[in-house]
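Contents: one structure, followed by commentary.
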Amino acid sequence: MVHSSLPPSKGLISSRQVLCTGMWEEERYPEGIKWKFLEHKGPVFAPPYEPLPENVKFYYDGKVMKLSTKAEEVATFFAKMLDHEYTTKEIFRKNFFKDWRKEMTSEEKSTITNLSKCDFTHMSQYFKAQSEARKQMSKEEKQKIKDENERLLKEYGYCVMDNHKERIANFKIEPPGLFRGRGNHPKMGMLKRRIMPEDIIINCSKDSKIPAPPPGHKWKEVRHDNKVTWLVSWTENIQGSIKYIMLNPSSRIKGEKDWQKYETARRLKKCVDKIRNQYREDWKSKEMKVRQRAVALYFIDKLALRAGNEKEEGETADTVGCCSLRVEHIKLHPELDGQEYVVEFDFLGKDSIRYYNKVPVEKRVFKNLQLFMENKQPEDDLFDRLNTSILNKHLQDLMEGLTAKVFRTYNASITLQQQLKELTNPDDNIPAKILSYNRANRAVAILCNHQRAPPKTFEKSMMNLQSKIDAKKEQLADARRELKSAKADAKVRRDEKSKKIEEQLMKLEVQATDREENKQIALGTSKLNYLDPRISVAWCKKWGIPIEKIYNKTQREKFAWAIDMAEEDYEF
DNA sequence: AGCTAGACTTAGCATGGCCACG
DNA sequence: CGTGGCCATGCTAAGTCTAGCT
């Protein structure tokens with residue numbers, strides 16, 4: 001209804017044909033041109049601050065204090081987070097207080113000198129009551145909000161890029177608030193300021209209807225850059241980085257890019273043996289730089305580690321990837337649990353997610369690691385002669401378009417394909433086959449270290465499921481007893497009933513197994529970002545599994561190109 | 001060669017709507 | 001008819017990588 005005026009396949013099929021000849025870029029969009037026409041309505045700004053009602057009080061040092069609007073707004077950000085552990089953290093409090101004071105009037109600044117004397121509890125209670133009231137709203141009131149959201153989406157949520165009406169991913173500007181980084185972030189608690197039209201750069205085509213800034217305001221800039229895909233950008237004040245409004249994954253421009261990514265990974269498949277032989281040779285190189293590069297690449301390939309760019313110290317949480325590993329992140333065990341040459345990894349990766357793994361490696365790798373660690377302090381770089389730029393330049397020489405992250409995509413996708421082959425039992429019914437699919441998916445998630453903390457309700461929900469299973473077992477026993485005692489003419493019907501219950505039981509048991517195995521593993525990220533969707537589509541076709549069992553609505557939209565093009569014999 | 005800005009992908013967590021169940 | 005749990009979705013932080021500069 002709302003998406004492209006053309007079926008999703010149309011543009012893609014024609015570009016596939018040109019892509020295969022390597023002409024796609026040149027033919028449709030010469031030299032990095034991303035579009036010819038781009039029209040949109042601009043961003044939706046965060047709602048303005050609504051001052052608190054008079055009866056909601058803030059107390060300083062036990063006394064009521066009326067705050068200026070600006071100071072009050074920032075105070076409400078803190079009050080809304082009061083239940084969170086991080087409002088007790090020193091860094092969070094220090095950063096918050098510093099930024100809050102900047103918003104205060106000079107009188108406020110001279111009075112409010114100690115955060116510990118600030119009492120936000122009344123404000124906090126007010127917000128809790130508000131959110132409670134929101135939950136208690138009548139159907140009509142809720143519907144009204146829903147309608148308004150839909151209207152907003154309809155007006156601002158779409159753009160026209162070339163001949164397609166496309167969904168925009170994030171057309172709402174991020175509201176102001178307190179920055180919460182992941183892990184031990186040095187900037188946690190800082191004030192994320194309100195974005196104004198004057199901060200906004202609009203990107204659209206010259207011949208489009210240019211979006212109007214809100215009354216009384218101006219855009220920072222309107223530009224017409226068709227070498228980029230974004231519609232709107234602004235500079236964020238915490239890290240000083242640029243934020244963008246871009247298209248939804250279902251859009252042509254994102255879909256084609258995604259497809260290209262998997263095609264690059266498939267090209268790696270063709271030369272990965274050669275590359276592996278090469279880096280194994282390089283373990284013996286006379287040059288330290290070459291050895292380090294070769295060992296790092298081995299880790300990236302074998303363990304699906306991220307590249308590991310350098311980060312500015314003190315600006316972000318202390319996390320690492322392969323090239324930025326430090327001596328303190330690995331332990332060498334000449335022998336461990338009956339295995340030789342074991343490397344024990346323990347470090348924080350992206351999003352401060354812990355990577356912990358004990359890996360037996362080849363003797364040569366082990367000896368090299370010992371060499372790299374000689375005469376170094378724990379906080380020294382393991383690969384002191386290497387960085388991602390050097391590594392990627394090397395990879396580029398091995399294969400056009402090859403970078404470190406392609407190994408993750410390649411290894412994830414090839415693992416899924418292998419595991420599906422290995423685990424799918426042709427005689428299984430649909431739920432059992434889906435369990436096999438999820439297990440294959442799980443193997444990938446483990447490889448990519450996509451872990452999650454077990455859901456808070458995990459134990460409880462497992463118990464609920466188990467009691468459902470027990471009840472179903474009872475029901476089955478009853479049905480069987482009835483079957484036995486039934487008269488001949490009722491037997492067939494009774495038998496059918498037992499069969500149906502049996503199937504339901506089986507389904508529940510499969511569900512329990514799946515959930516148990518999935519306790520600490522997140523499948524979503526690999527499914528969305530690493531697994532060539534054509535593998536899954538082909539598998540569904542081959543075994544007669546409805547695609548809806550594997551991909552939800554959003555995922556089907558994102559992977560429309562694959563659903564459309566992959567046949568059951570597709571090979572990654 | 002090294003550095004930084006810029007553009008784009010990948011990531012986990014919070015939220016809220018919906019549906020099964022009592 | 002209300003409630004509790006689950007999953008889809010939204011949000012935005014945090015990575016990767018390139019291009020362009022010095």
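Naming: A, B, ... by sequence-line order, numbering from 1 per chain.
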Worksheet item: Can A:Glu256 and A:Arg252 be counted as an ion pair, charged N to O under 4.0 angstrom?
Response: yes
Practice prompt. To the nearest Å, give me how far apart CD1 (A:Ile390) and C1' (B:dG2) are.
Written response: 10 Å
Discussion item. Rounded to whole Å, please give me the gap between CD in A:Glu315 and C1' in B:dA5.
Written reply: 15 Å
Fill in: A:Lys172: side chain to side chain donor-acceptor pair (under 3.5 Å) partners, not counting sequence neighbours
none
Response to the item:
Protein heavy-atom contacts under 4.0 Å, written 5' to 3' over nucleotides 14-22 of chain C as B (base), S (sugar-phosphate only) or - (none), form the string BSBBS----
Practice prompt. Mind calculating the distance between OH (A:Tyr156) and P (C:dG10) to the nearest angstrom?
Written response: 19 Å
Worksheet item: So does A:Lys553 pair up with A:Glu557, basic N to acidic O under 4.0 Å?
Response: yes
Worksheet item: With respect to the phosphate group of C:dC7, does any side-chain polar atom (N or O) of A:Lys553 fall under 4.0 Å of OP1 or OP2?
Response: no
Fill in: Candidate nucleotides B:dA14, B:dT10, B:dG6, ranked by approach to the side chain of A:Tyr244 - the nearest
B:dG6
Discussion item. Need one value for A:Pro175: base, sugar-phosphate or nothing, where a base atom within 4.0 Å counts as base even if backbone is also close, heavy atoms only.
Written reply: sugar-phosphate
Worksheet, complete the sentence: Judged by nearest nucleotide, the residue sitting upstream toward the 5' end of DNA chain C, A:Lys243 or A:Gln555, is A:Gln555
Item to complete: Could you state the atom-to-atom distance from CD1 of A:Ile242 to C1' of B:dA5 in whole Å?
Response: 6 Å
Practice prompt. Tell me which of A:His84 and A:Arg408 sits closer to the 5' end of DNA chain B, going by the nucleotide each one is nearest to.
Written response: A:Arg408
Discussion item. Without decimals, in angstroms, what is the distance between A:Lys146 NZ and C:dG10 P?
Written reply: 13 Å
Practice prompt. Examine B:dG6: is either OP1 or OP2 under 4.0 Å from a nitrogen or oxygen in the side chain of A:Arg223? Give yes or no.
Written response: no
Worksheet item: Heavy atoms under 4.0 Å, any strand shown: does A:Lys192 hit a base, just sugar-phosphate, or nothing?
Response: sugar-phosphate
Worksheet entry | Side-chain N,O (A:Thr525) to OP1/OP2 (B:dG12) below 4.0 Å | yes
Discussion item. Just to verify, which of A:Lys350, A:Lys311, A:His185 counts as forming a side-chain hydrogen bond (donor to acceptor under 3.5 Å, both in side chains) with A:Thr319?
Written reply: A:Lys311
Worksheet item: Does A:Lys227 or A:Asn449 map to a spot on DNA chain B nearer the 5' end, using the closest nucleotide for each?
Response: A:Lys227
Practice prompt. List for me each residue that meets side chain to side chain donor-acceptor pair (under 3.5 Å) alongside A:Tyr530, sequence neighbours excluded, and say none if there are none.
Written response: A:Arg408
Discussion item. Classify the ring geometry of A:Phe345 against A:Phe299: parallel below 30°, tilted from 30° to 60°, perpendicular beyond 60°.
Written reply: perpendicular
Worksheet item: Does the pair A:Phe171 and A:Tyr156 meet the rule for a ring pair (Phe, Tyr, Trp, His ring centres under 6.0 Å), with working shown?
Response: CA-CA 7 Å; A:Phe171 60 92; A:Tyr156 295 96; 7.1 Å; no
Worksheet item: Atom CD of A:Glu236 and atom C1' of B:dA5: how far apart are they, to the nearest Å?
Response: 14 Å
Practice prompt. State which of C:dA13, B:dA11, B:dC8 makes the closest approach to the side chain of A:His450.
Written response: B:dA11
Item to complete: Could you check how far CG of A:Leu528 sits from P of C:dA8, rounded to whole Å?
Response: 12 Å
Discussion item. Parallel, tilted or perpendicular: which one describes the rings of A:Phe120 and A:Phe96, with boundaries at 30° and 60°?
Written reply: perpendicular
Worksheet item: Starting at NZ of A:Lys261 and ending at P of B:dT10, how long is that distance when rounded to a whole Å?
Response: 4 Å
